[in-house]
Structures are given as structure tokens and as C-alpha cells.
Amino acid sequence: MKHRDLEEADPEVYEALKNEIERQESESLEMIASENFVPKQILEAQGSVLTNKYAEGYPGKRYYAGCEYHDKVENLARERACEIFGADHANVQPHSGSTANLAVYGKIVGKDAKILGPVLSHGGHLSHGHSVNMSGDFFDFGTYPINRETERFEKEDVMKAAKEHNPDLIVCGYSAYPREVDFEMFREVADEVDAILMADIAHISGLVAADEHMQPFPHCDIVTTTTHKSIRGARGGMILCKEEYADEVDQAVFPYSQGGPLMHQIAGKAVCFKEALRPEFKDYARQIKDNTKSLAEGLRSEGLELVSGGTDNHLVLVDLREEDTTGKEAESVLEACNIVVNKNTVPYDPESPRVTSGVRIGTPALTTRGMEEEELREIGEMIGRVVKRVEDEELHEEVRGRVSELLDEFPLYSDSEVEL
Ligand code: DSN
């Protein structure tokens, strides 16, 4: 086997990677609510020799020999995850948040089970029972809506849906919900219909880790998450649970729904959890929330409406129903201004999911760059102006200029001594 530098071995892939570093560093303001930038130590763990080994099973109970260091790494990840989230047990092997959810549905309640999840267009995720997703195809999902008046999930609506559907498991936790998830309220509903309560905290796990959001435990029985959004770690998934579900959760992941774990990713998760346990991470999570509030103020100062009137977490959902544009157009015009957001349905959206009447905007990635309230308020104002004047090329040019200045002022990787 001959080792070569990537540049020499595969110049095409090398060039694409270099271009992507450049894009992330200095071409646009990253405001997709589910994205973030990991530090070099996580990239290093993910790019490690742990990719070379099969490690089916769990620490101390592997199917192949030679797993001493894999056990060490996986145990570190599991212990740190339990410490962060106050869980009795952690399974760090799911390849993604969707596979974590499917593993729980498939093994914990089984294929004939009734499950209750949020309406997708009211903030849910495809893996919460949408008909185009395996979750909606294989399981009998019912849905609960967001309240039309408050634009929040209210107990009376969830209870009504739960009594009608009589689920074995209820899913709470969302991809586009700007408010705190009231796990305690969901517990009350779950108890009323004798259902298991599962929270999907993929979006908010960084806030939960820092105690900047209500804790899902002890209210929830099982908690799934990704590890690469607000918690800022290696891309992947995880399942946390109370002791009584520990064995079943482990079986749900391996051998029920996955084979060999991606041990290099698990190393990245372990490093992420170490970072999340540092006091600085609490400051980061607090800053995410402060930044999102400032972003909301900036948007509102330009006359834009926000779903539920504001935000408690890392994202806002702009309601464009009163504007002269759609989510699709706003996303595209903002991208042309080098501000990256995504179109998103708003509750009771008259437009299709391909067009939508909203945009979802998040702050974890810009907070990682070091931006604070002043910058986020200014960015909110810029977004507001662009959305109100989608055809004003002169304004777009001006915004591109200011975006470029902000990117220079808040470097991502380029001011570090490490080479990527
Ligand atoms: N794609 C993610 C999001 O943007 O919310 C969810 O998996």
C-alpha cells in the first residue's frame, strides 16, 4: 500500500474539499438551523484509523477480536453522554437521527404499533411518521397539530389527538419549532393514554446539554438526537434512555437495524461530548439563545412576522404569508446575497412544501464563528430588507458587501494554526 498526500493521490477530491473549506470560511453566512462547524479536534477523530475496524456488538461484548481501543472510545462516548443528559443509558451507534428514530419504533414498540407524532408541516421531521418516509409507511402514525391561535403545541390539542389515536408511543421534539418543548406536559398526556414518551432533541441537544432548555429526563422514557447540530459534534445519531429500556435500545440498534458501528464517528461523538462538558460550552449555548433573540428583533424591526411571535431557542420561523414573496423565492434571493437559510412551511401553510410561506433561520453556526447580539440584529435587519425588496439588485449588492466584511471579521478556521 502506498501512502500519498490527498492532493497528489486524488486532485479532484482534494480540490472539492479545498473549495468547500473556502465556501464555509468566506463565501456565505451559514444560517441553516441544523448546521454547525466542528473544531479541528473533532475532524481529527473522525478522520482516524478507527475507520479500519469492525466492532459489531458493544464494549466488552464484541463479535470480533481486537476492539480494546474501540471499547475505550465507545465507553467514553457513552459515559459522557449519560453525564450530559442525565440518562441511565446511551447508545452512541446510530448512524443518524432518522435511523435512531426508526430503531426505536421498530424494536421498542414494533411494527404493528400506534405512534403519535407532530404534523410534519407544523415543525416535525420526516421520520416522525410522514407518508413518504419509512416511518409513515411501516407504522400506524397519528398526528397532533400546532395550535392555530398560539402557534405552539398545547396540551389540549395533543391530549385530544392522543385520546383519538390511542398510541403506544408519543414523539415530541421538532425540526422547525421556535419554542421550548414542554416535556412535562407531554408526560402528562403520555400517562393519560399509557404511552411511552420519546423526545427527538436533534435540534436542541446543545441547548439541553448546557441546561439552556428544559431537560427531557425524567419526563421522557427515550430520547433520540443527532450529534452534529447545536451540540456541534461529529455527524451521527444517538439514543438515550432510562434503565428499563437499555437492553431493548441496544438490541434495536444492533443487531436489529444496523451492522458494524462507524467507530471513527463515535470517536468524534466522544470528543464532542467532552467539549459539551466544558464550561465554555454553556456560554456558547447561552449565546445561541441571545443571538436568536437579537436576530428576531432585527427581523421584526423590518416588519416581518415570526411564527408564535418570537423564539426561545436557536431558530426563528419567519411567516411570509403577508409578504409579497414565498419561502422558495426568499431562500433563493437570500442565497444570492450570500445568506444561506431554508424555505420552510409555516403552520397551516397555504403553499406546497416545495414553495412554502416561510423561512427557517438558525444561529448555532454564526455563534460558533463568534458573532454576538449586535451582528445578529444587523443580519436580521438585512434579511428583513432583502425579503421586503426581493427585486432590489442594488440592495442585494450592498448586503453582499456587508456579508463579506462580517465573514472576514469572524474567521472560522483560517485564524487557527491548524491546517485542515
Ligand atoms: N435536515 C435536518 C434539518 O434541517 O432540520 C433534520 O434532519
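Values in this document were obtained by computation on a predicted structure and should not be read as measured data. Atoms within each ligand, like the ligands themselves, are counted from 1 in listed order.
- Under the ring-ring contact (aromatic ring centres under 6.0 Å, His included) criterion, Tyr14 pairs with no residue, sequence neighbours left out.
- Side-chain contact between Glu373 and Asn291 is present, with heavy atoms from C-beta onward closer than 4.5 Å.
- Residues forming a side-chain contact (heavy atoms from CB on, under 4.5 Å) with Ser332 (at least two apart in sequence, or on another chain): none.
- Pocket lining of ligand 1, defined as residues with a non-hydrogen atom under 4.0 Å away: Ser34, His125, Ser175, His203, Lys229, Arg360.
- For Phe183, the ring-ring contact (aromatic ring centres under 6.0 Å, His included) partners are His213, not counting sequence neighbours.
- For the pair Lys111 and Phe138, the NZ or CZ position fails the cation-pi test of under 6.0 Å to the six-membered ring centre and within 45 degrees of the ring normal.
- Between the side chains of Asp247 and Gln251, not a single donor N or O lies within less than 3.5 Å of an accepting N or O.
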